[in-house]
Amino acid sequence: MIDYETLKLIWWLFIGVLLIGFALTDGFDLGIGALIPLLGRSDEERRVMINAIGPVWEGNQVWLVTAGGAIFAAWPLVYAAAFSGLYAALLLTLFALFLRPAGIVYRGKVDDPRWRRAWDWGLFVSGTVPAVVFGVAFGNLLQGVPFNFDPATMGVANSGSLWRLLNPFGLLAGIVSLAMLVMHGATFLQIRAEDALELRARTAARWAGIALIVTFALAGLWVAYGIPGYRITAMPPAGSAFSPIAKTVQSAPGAWLANFATYPWLSLAPVAAFAGAAAVIVLSSAGRALLAFAASGVAVAGVILTAGSAMFPFVMPSSSDPRSSLTVWDAVSSHRTLAIMFWVVVVMLPIVLAYTAWVYRVVRGKLSVGYIRETTHTSY
């Protein structure tokens with residue numbers, strides 16, 4: 001059996017892969033949703049955009065569902081604390097996501113411009129709100145979430161609210177996330193759309209790429225000079241099972257940069273984020289849709305890896321009681337649970353990836369206004 005400390009690290013990597021997988025797949029669904037009423041100049045163009053994601057969004061969303069299940073099984077204390085300290089934000093995201101399946105399915109049921117415009121804005125909300133909230137959540141994780149564990153019962157108490165989460169840095173992180181996913185959605189739309197809609201998608205990708213570079217740089221400077229990070233000063237052996245409050249944690253300026261100083265190769269993550277976004281701008285201008293989408297994927301992965309590398313080993317820091325902060329070492333399930341789940345992932349993940357690749361191969365190709373006119377009985 002793999003030793004406990006190694007399994008803890010492996011599950012940190014697995015959950016990171018799931019989050020990146022969600023951002024790379026469902027991320028462009030959210031981005032296109034946010035662009036539907038902005039880029040689609042006619043009902044037929046908006047239907048092209050919906051048809052671009054219609055066959056794949058359900059499969060893409062499974063990455064988010066799986067990530068939630070993995071967190072529940074591998075990091076149960078994180079799951080409990082998140083649904084306490086971030087409950088309002090998660091509930092807002094859930095209700096916004098409800099609008100996507102409803103909008104995709106019911107938009108075309110009534111041939112009325114007002115009905116369809118209403119659902120177009122519903123799809124806009126379903127793409128924009130989750131994208132912003134996910135960024136706000138990460139922004140608050142970097143600042144610390146106000147929660148603590150009761151030493152007697154290990155119950156979770158929190159003093160947070162949705163309005164407290166909407167602080168200046170949290171909102172900046174939300175803009176970073178929105179710009180990133182809009183860029184990703186616009187690059188995917190370049191692959192699927194034609195003519196004027198494709199040209200508008202190129203323009204949207206360029207502006208979103210610029211916004212990502214600027215806001216990501218501002219967020220990095222803010223973290224470096226304005227937000228104290230967290231570091232563990234003492235804890236039991238990493239390979240043992242222990243309570244989160246058994247360690248001591250210190251908040252210190254610049255602590256989130258410590259990993260980059262210790263392991264300089266981690267700097268490849270922010271470099272990838274900036275380089276990927278810059279490449280999107282250049283490649284979109286040149287009409288290289290597939291390469292622009294690949295570059296966008298590099299940027300998305302780079303942003304997420306930058307946040308994860310900065311915070312490691314912290315998963316959910318606590319601003320109200322630093323020792324209650326949850327880390328890779330103390331937020332996990334038992335050794336046996338992690339081991340069983342590890343082998344489930346080893347078997348199932350390649351199957352999921354193979355099936356996903358097959359689906360994208362089947363639905364590949366361009367969509368046009370002409371196609372929409374000819375296939376009204378099958379298109380969204």
Report task. Calculate, to the nearest 0.5 Å, the distance between atoms OG1 and CZ belonging to Thr248 and Arg323 respectively. Result -> 10.0 Å
Report task. Can you spot which of Val298, Val303, Ile304 makes a side chain to side chain contact (heavy atoms under 4.5 Å, CB included) with Val300? Result -> Ile304
Report task. Establish, from distance only, whether the side-chain atoms of Thr337 and Ser334 form a donor-acceptor pair under 3.5 Å. Result -> yes
Query - Donor-acceptor pair between Arg200 and Thr203 side chains, under 3.5 angstrom - result: no
Query raised in the report: Is the closest side-chain donor-acceptor distance between Gln143 and Ser319 under 3.5 Å?
Result: no
Report summary line: CE of Met341 to CE of Met348, rounded to nearest 0.5 Å, is 13.5 Å
Query raised in the report: Cut-off 3.5 Å, side chains only: do Thr327 and Asp330 have a donor facing an acceptor?
Result: yes
**Report entry** Polar side chain donor-acceptor pair, Ser318 to Ser325, under 3.5 angstrom
**Finding:** no
Requested in this report: Identify whether the distance between the nearest side-chain nitrogen and carboxylate oxygen of Arg107 and Asp43 falls below 4.0 Å.
Outcome: yes
Query raised in the report: Between Phe188 and Phe293, how do the two ring planes meet: parallel, tilted or perpendicular, split at 30° and 60°?
Result: tilted
Report task. Name the orientation class of the two ring planes belonging to Tyr4 and His335 (parallel below 30°, tilted from 30 to 60°, perpendicular beyond 60°). Result -> parallel
**Report entry** Ile2 backbone acceptor or donor facing Thr6 side chain under 3.5 Å
**Finding:** no
Query raised in the report: So how far is it from Leu97 CG to Trp57 CH2, rounded to the nearest 0.5 Å?
Result: 9.0 Å
Query raised in the report: If only atom types and distance count, is the side chain of Trp115 paired as donor or acceptor with the main-chain N or O of Tyr106 below 3.5 Å?
Result: yes
Report summary line: CZ of Phe169 to CZ of Phe138, rounded to nearest 0.5 Å, is 11.5 Å
Requested in this report: Any salt bridge (Lys or Arg N to Asp or Glu O under 4.0 Å) involving residues 53-77? Give me the pairs, sequence neighbours left out, ordered by first then second residue.
Outcome: none
What side-chain donor-acceptor pairs closer than 3.5 Å can you find for residues 15-38, not counting sequence neighbours?
unit_1, atom_1, unit_2, atom_2, d
Thr25, OG1, Gly21, O, 2.7
Asp26, OD1, Arg100, NH1, 3.0
Asp26, OD1, Arg100, NH2, 3.2
Asp26, OD2, Arg100, NH2, 3.1
Asp29, OD2, Asn60, ND2, 2.8

Query raised in the report: If you round to the nearest 0.5 Å, how far is CZ of Arg116 from CD1 of Ile50?
Result: 9.0 Å
Query raised in the report: So how far is it from Leu64 CG to Thr93 OG1, rounded to the nearest 0.5 Å?
Result: 9.0 Å
**Report entry** Partner residues of Arg231 under the salt bridge (charged side-chain N to carboxylate O under 4.0 Å, His left out) criterion, sequence neighbours left out
**Finding:** none
Query raised in the report: Where is the tightest heavy-atom contact between Ala89 and Leu165, given as atom of each residue plus distance?
Result: CB-CD1, 3.8 Å
Query - Heavy-atom pair with the smallest gap, counting every atom of Ala277 and Ile213 - result: CB-CG1, 3.6 Å
Query raised in the report: Closest heavy-atom contact between Ala211 and Ala179?
Result: CB-CB, 4.0 Å
